[in-house]
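The structure appears right after this line, and notes come after that.
Below, read A as the first sequence line, B as the second, and so on, with proteins coming before strands; counting in each chain starts at 1. Hydrogens, waters and symmetry mates are skipped; everything else that's a heavy atom, side chains included, is used.
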Amino acid sequence: MPDQPADRRPPTDPARPGAPDAGAPERRDFIREIVAADIAAGRVAVPVTRFPPEPNGYLHIGHAKSICLNFGIAAEFGGRCHLRFDDTNPVKEEQEYIDAIVEDVRWLGFDWGEHLYHASDYFEQLYAWAIHLIERGLAYVDDQSPDEIRETRGTLTEPGRESAWRNRPAAESLDLFARMRAGEFPNGARVLRAKIDMASPNLNLRDPVLYRIVHASHPRTGDAWCIYPTYDFAHGQSDAIEGVTHSICTLEFENHRPLYDWLVEHLPVSHVPHQYEFARLNLTHTVLSKRVLLRLVREGHVRGWDDPRMPTISGLRRRGFPAEGIRDFAAMIGVAKTDSVIEVGQLEFAVRAVLNRTAPRRFGVLDPLKVVITNWPEGRVETMEVVNNPEDPAAGTRSVAFGRDLWIEREDFMEAPPPKFFRLAPGREVRLRNAYFITCDEVVRDATGAIAELRCTYDPATRGGDAPDGRRPKSTLHWVSAAHAVPAEVRLYDHLFSSPIPGATGADAFEDLNPASETIIRGAMLEATLAETPVGQTVQFERLGYFVRDPDSRPGMPVFNRTLTLRDTWAKVQARG
RNA sequence: UGGCGCGUGGCUCAACGGUAGAGCACCUGACUCUGGAUCAGGGGGUUCCAGGUUCGAAUCCUGGCGCGCCAGCCA
């Protein structure tokens with residue numbers, strides 16, 4: 001898969017933002033403060049966290065926030081972070097997702113060492129603990145149907161009603177539970193429920209379901225089981241088994257914490273973990289819900305989970321976003337309990353900051369307009385030494401061919417330029433970056449009257465881009481030698497959704513899909529070195545933006561995805577009119 | 001309507017009883033062989049509201065208001 005060496009920098013690197021910085025005033029979120037306090041008070045010696053994805057979809061930028069939080073805390077406080085698959089619902093989970101999750105967390109730059117776990121590793125133990133509860137009168141097998149259970153749960157304001165089976169003898173529940181495991185009953189026939197309080201104002205405590213019958217084969221345990229623990233019965237106990245000290249999850253689990261604590265308290269666990277909740281990430285102009293992302297894929301609004309428009313980790317990677325930029329973004333936005341929506345611009349800022357520092361500069365023309373240099377000898381070719389990255393002298397230089405026929409960007413020429421347009425126009429001189437000054441003498445039109453080519457003259461004294469007399473053109477254009485150009489397909493991307501908060505008006509979010517989220521350009525002309533750029537490598541096309549080589553590239557026809565444009569103040573001026 | 005949680009510039013977060021700050025965004029200027037980058041400066045806040053405690057409240061208390069989550073055998 002695409003990868004960039006810079007992304008392999010371990011997240012614990014103290015030079016990175018987000019890592020503890022000796023000397024600087026400590027700025028930490030409320031969770032890090034809790035961890036620090038627990039360590040200071042001796043409640044915790046080695047903090048242990050975990051990232052617990054359910055393999056029912058691909059990871060997205062919201063998960064990246066959680067991954068950075070959990071692995072970040074472990075690294076900063078000398079603890080460890082486990083990768084644990086929360087695989088308790090075989091009807092939704094697939095091996096493909098497991099593999100993708102492993103790859104994505106690694107790509108983000110994190111390492112769980114030996115600590116790869118699955119809730120399914122604990123099925124036998126969880127089963128034994130279920131029996132433990134039954135024996136103590138703390139759980140019972142309920143014969144009610146799903147509908148009956150719903151009807152007797154009560155409402156937000158009314159208490160529920162106890163099941164007729166709630167007080168059946170433990171021995172009977174034990175027998176039934178064993179027969180549930182043995183496969184004697186169909187899906188939905190019976191469940192195991194905790195016996196807590198049907199009148200609790202917290203609905204999660206109204207005799208929550210602990211086990212349900214699901215005749216489905218599991219990606220890891222196959223057909224060994226036909227009963228599966230619910231999230232509530234698996235999560236806290238898995239944390240206990242693994243010695244997790246700080247079980248960090250999102251706000252919607254806050255209401256589950258009393259149940260989490262109840263289970264851990266009533267089970268003979270050797271370690272008591274604690275749950276803390278933070279606000280999940282929301283981003284403008286996209287959607288971060290596995291359900292909706294799955295729909296985008298299934299309904300074909302995008303080409304797959306890794307479509308460059310998707311906010312998935314794999315989509316961002318294919319889009320050319322470096323892992324480091326994603327980590328920096330996570331550090332920048334912080335962690336709190338306030339529901340929030342972050343402007344995508346903030347993510348883009350973090351990504352541009354990394355790319356500006358690391359992306360090699362190249363020339364690429366997206367919408368080519370032919371320029372013929374009339375005073376340049378036919379057939380003559382010169383080689384220009386061009387700097388690879390002005391931000392990084394160590395990146396060196398490369399050779400780029402220059403000749404009589406060139407391609408420039410069509411939008412870099414205007415026959416009747418408005419006042420603040422600095423680029424090429426009839427009679428005007430501009431600089432071709434790292435090459436020569438040229439002056440436009442003549443506009444050649446085709447039969448339809450459209451501009452077909454520009455006839456220009458160059459100044460031989462300006463080789464390399466400087467004039468001996470010190471004159472300075474108001475603008476510098478990128479260019480590609482027509483004789484050496486590599487034709488390419490370039491895919492331009494924009495926000496997947498037009499509105500900042502898709503579906504906010506109450507309408508279906510899909511109504512807000514941006515029809516222009518992808519624009520495919522087939523006639524782009526790139527400098528020759530771009531033919532060898534590896535898939536996954538992000539470069540900067542000077543003056544245009546960052547572009548990454550896509551795996552769809554074919555021999556002789558590279559495909560590049562636009563990661564992001566450069567900051568463009570001219571566009572801003574134009575937009576203002 | 002019950003429970004839990006949350007309200008600080010446009011956005012995200014700090015300030016932990018002692019003059020409300022930062023990053024992003026926005027605007028100006030400088031510089032520049034990317035209209036990029038960089039640098040310098042600027043505008044913008046009755047800290048949801050109302051009472052109270054205190055010499056002093058974004059912070060503590062009370063009461064409102066607003067928003068989010070919860071009635072899956074999803075996680």
Kindly state each residue pair satisfying side chain to side chain donor-acceptor pair (under 3.5 Å) with at least one member in residues 282-292 of chain A, sequence neighbours excluded. A:N56-A:K290
Check whether the side chains of [X] and [Y] place a donor and an acceptor atom closer than 3.5 Å, and report yes or no.
X	Y	value
A:H82	A:E242	yes
A:Y260	A:D239	yes
A:R431	A:T476	yes

For [N], what is the paired nucleotide under Watson-Crick or G-U wobble rules, both distances under 3.5 Å?
N	value
B:G35	none
B:G2	B:C70
B:U62	B:A50
B:A15	none

Tell me if B:G68 is syn or anti. Syn = glycosidic torsion within 90° of 0, anti otherwise.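 With its glycosidic angle more than 90° from zero, B:G68 counts as anti.
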Suppose you measure atom [atom1] in [N] against the same atom in [M]; what distance do you get, rounded to whole Å?
N	M	atom1	result
B:G23	B:C61	P	32 Å
B:C67	B:A57	P	30 Å
B:U62	B:C74	C1'	40 Å
B:G43	B:A22	P	12 Å
B:G36	B:U12	C1'	26 Å
B:C31	B:A15	P	41 Å
B:G66	B:C26	P	35 Å
B:U8	B:C48	C1'	10 Å

ring-ring contact (aromatic ring centres under 6.0 Å, His included) contacts touching residues 186-214 of chain A (sequence neighbours left out):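 Residue pairs with at least one partner in residues 186-214 of chain A: A:F177-A:Y211, A:Y211-A:F233.
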Mapping A:Q346 and A:F421 onto RNA chain B by nearest heavy atom, which one lands closer to the 5' end? A:Q346
By nearest-nucleotide position on RNA chain B, the 5'-leaning member of A:K337 and A:R543 is A:K337
Results of salt bridge (Lys or Arg N to Asp or Glu O under 4.0 Å) for A:E96 - residues two or more places apart only: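 Here no residue qualifies.
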Can you list everything that forms a salt bridge (Lys or Arg N to Asp or Glu O under 4.0 Å) with A:K337? Sequence neighbours excluded, please.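 Once residues adjacent in sequence are excluded, the partners of A:K337 under the salt bridge (Lys or Arg N to Asp or Glu O under 4.0 Å) criterion are A:E254, A:E277.
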Sort out for me which residue in A:Y436, A:F437, A:F402 forms a ring-ring contact (aromatic ring centres under 6.0 Å, His included) with A:Y458. A:Y436
Using a 4.0 Å heavy-atom cut-off, write out nucleotides 38-48 of chain B from 5' to 3' as B (base contacted by protein), S (sugar-phosphate only) or - (no contact). -----------
With B for base contact, S for sugar-phosphate-only contact and - for none (protein heavy atoms under 4.0 Å), nucleotides 69-75 of chain B reads BBBSBSB
Non-neighbouring partners of A:D38 that pass side-chain contact (heavy atoms from CB on, under 4.5 Å), sequence neighbours left out: A:I34, A:R43, A:V44, A:H246, A:Y276
Does a side-chain N or O of [X] approach OP1 or OP2 of [N] to a distance below 4.0 Å, or not?
X	N	value
A:K572	B:C26	yes
A:T338	B:G68	no
A:R472	B:U32	yes

In whole angstrom, give the distance that lies between atom CG of A:D29 and atom P of B:A15.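 It works out to 10 Å between those atoms.
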Distance in angstrom units between A:R431 CZ and B:G36 P, rounded: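 These atoms are roughly 14 Å apart.
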Strictly by salt bridge (charged side-chain N to carboxylate O under 4.0 Å, His left out), give each pair with a member in residues 199-218 of chain A just once, sequence neighbours left out. A:R166-A:D207
Using the test side chain to side chain donor-acceptor pair (under 3.5 Å), find all partners of A:D232 that sit at least two apart in sequence or belong to another chain.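 Listed in chain order: A:H256.
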Check: A:E343 side chain, B:U12 base, donor-acceptor under 3.5 Å: no
